[in-house]
Amino acid sequence: MRKIMVMLTALITISLSACIPALRTPTRSLAQSNQKENKEMKVLVAYFSASGVTQAAAQQLAEVAGADLHEIKPEKPYTDADLDWNNKQSRSSVEMQDKKSRPAITAKLINMKDFDVVYVGFPIWWYTCPTIINTFMEAYDFNGKIVIPFATSGGSSIKKACEDLKAAYPSLNWKEGKLLNRTSKADMQKWVESNK
């Protein structure tokens with residue numbers, strides 16, 4: 001009986017000593033994976049605004065999302081005459097009729113690689129995004145990033161703009177876009193949270 005007790009004690013001791021290192025290792029791995037999960041996603045709100053409406057929405061979004069803010073500036077600013085959608089010869093009308101139009105932009109970001117999430121904002125023109133947004137999308141590498149469109153509009157939805165962007169850049173990780181006309185801060189916060 002004594003031999004059995006000694007053998008059982010020895011077996012238990014060996015088993016416990018073998019388990020202790022195994023128990024410690026996952027704890028370290030779990031801590032390391034938690035650090036990765038808790039890593040703050042770096043967020044950018046980039047926007048084009050012709051009249052200031054989209055700019056106001058972008059500023060509020062950047063505040064809510066804790067994001068950096070970047071204006072997509074045309075090399076040649078748009079005048080009121082340029083924005084006259086009733087005039088088929090106005091600059092915006094001509095650009096929107098030409099699918100290959102890529103208006104030049106200034107103030108290129110040098111740290112785009114640092115961002116994990118990029119909100120891209122614009123006014124809706126002819127039911128879609130202005131062609132300057134294509135200039136912006138083609139100026140950077142968005143692979144590996146989450147890209148989220150937002151827009152302001154006098155009456156159109158963002159649906160066609162989102163479809164057009166996804167069709168033009170199908171390899172990107174697009175999230176659902178949103179119109180931010182008169183959106184409350186609380187609703188904007190919910191939307192930002194849903195994109196995490």
Side-chain angles (χ1 to χ4, degrees), residues 26-75 77 102-125 128-153 157-159 161-196:
T27 305
R28 264 184 259 135
S29 296
L30 185 61
Q32 288 169 347
S33 74
N34 281 344
Q35 283 176 346
K36 286 180 184 173
E37 286 174 21
N38 292 335
K39 176 192 169 260
E40 236 2 83
M41 299 280 270
K42 194 155 168 68
V43 182
L44 174 69
V45 172
Y47 70 93
F48 164 67
S49 186
S51 64
V53 176
T54 307
Q55 180 180 29
Q59 288 169 338
Q60 185 176 17
L61 177 59
E63 181 186 331
V64 167
D68 288 7
L69 190 63
H70 172 71
E71 182 179 2
I72 302 166
K73 290 183 183 177
E75 198 171 85
R102 297 294 184 268
I105 56 177
T106 63
K108 191 171 175 190
L109 280 166
I110 57 169
N111 64 333
M112 178 60 89
K113 66 181 183 329
D114 298 340
F115 296 100
D116 305 295
V117 179
V118 181
Y119 287 88
V120 180
F122 46 86
I124 298 290
W125 287 4
T128 191
C129 57
T131 55
I132 195 169
I133 296 303
N134 297 94
T135 308
F136 176 75
M137 296 302 301
E138 292 164 15
Y140 304 97
D141 181 5
F142 287 91
N143 288 308
K145 300 182 189 306
I146 295 169
V147 187
I148 310 165
F150 69 95
T152 57
S153 171
S157 83
I158 194 174
K159 185 178 178 189
C162 292
E163 289 169 355
D164 290 347
L165 285 168
K166 287 177 186 177
Y169 312 102
S171 66
L172 301 187
N173 181 11
W174 292 99
K175 292 267 186 151
E176 188 177 345
K178 185 172 179 67
L179 271 184
L180 297 183
N181 291 5
R182 298 170 294 282
T183 303
S184 72
K185 205 167 183 178
D187 285 346
M188 198 177 283
Q189 184 70 55
K190 282 181 198 168
W191 181 56
V192 166
E193 289 299 320
S194 75
N195 286 318
K196 287 185 176 176

- Looking at L179, V120, V45, T183, which one forms a side-chain contact (heavy atoms from CB on, under 4.5 Å) with F150?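 Considering L179, V120, V45, T183, a side-chain contact (heavy atoms from CB on, under 4.5 Å) with F150 is found only for V45.
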- Decide if atom NZ of K190 counts as having more than 12 heavy atoms of other residues, nucleotides or ligands within a radius under 6.0 Å.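 Incorrect, the count does not exceed 12.
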- Query: Can you check side-chain contact (heavy atoms from CB on, under 4.5 Å) on C129 and D164, steps first, answer last?
  - Reply: CA-CA 8 Å; C129 57; D164 290 347; 5.5 Å; no
- Keeping the roles fixed (side chain from T135, backbone from A104), state whether a donor-acceptor pair exists under 3.5 Å.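 No.
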- Task: Measure from the side-chain N and O atoms of D68 to the backbone N and O of L44, and report whether any donor-acceptor pair falls under 3.5 Å.
- Result: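 Side chain of D68 to backbone of L44: no pair is present.
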- Message: Is any side-chain heavy atom of H70 closer than 4.5 Å to one of F136?
- Response: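 Yes, close enough: below the 4.5 Å cut-off.
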- Item | Min side-chain heavy-atom separation S153-I158 under 4.5 Å |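 No, side chains not in contact.
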- Query: Of all residues at least two apart in sequence or in a different chain, which pass the salt bridge (Lys or Arg N to Asp or Glu O under 4.0 Å) check with E138?
  - Reply: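 Checked E138 against salt bridge (Lys or Arg N to Asp or Glu O under 4.0 Å); matches are R102.
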- Is it true that K196 and E193 have a side-chain N and a carboxylate O under 4.0 angstrom from each other?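 Between E193 and K196 there is a salt bridge, with a charged N closer than 4.0 Å to a carboxylate O.
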- Query: Is K175 close enough and on-axis enough to Y119, meaning under 6.0 Å and within 45°, for cation-pi?
  - Reply: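 No, K175 does not sit over the ring of Y119.
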- Message: Suppose we screen for side chain to side chain donor-acceptor pair (under 3.5 Å). Which residues come up paired with S49, at least two apart in sequence or across chains?
- Response: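 Applying side chain to side chain donor-acceptor pair (under 3.5 Å) to S49 gives none.
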- Given side-chain contact (heavy atoms from CB on, under 4.5 Å), test Q59 with L69 step by step and report yes or no. CA-CA 7 Å; Q59 288 169 338; L69 190 63; 3.7 Å; yes
- Task: State which residues pass side chain to side chain contact (heavy atoms under 4.5 Å, CB included) with T106; sequence neighbours excluded, sorted by chain then number.
- Result: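 Checked T106 against side chain to side chain contact (heavy atoms under 4.5 Å, CB included); matches are K73, E75.
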- Aromatic ring pairing Y169/W174, orientation class (parallel under 30°, perpendicular over 60°, tilted between):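 Answer is tilted, since the angle falls between 30° and 60°.
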- Dump the intermediate steps for side-chain contact (heavy atoms from CB on, under 4.5 Å) on D141 and M112, then the final yes or no. CA-CA 8 Å; D141 181 5; M112 178 60 89; over 6 Å; no
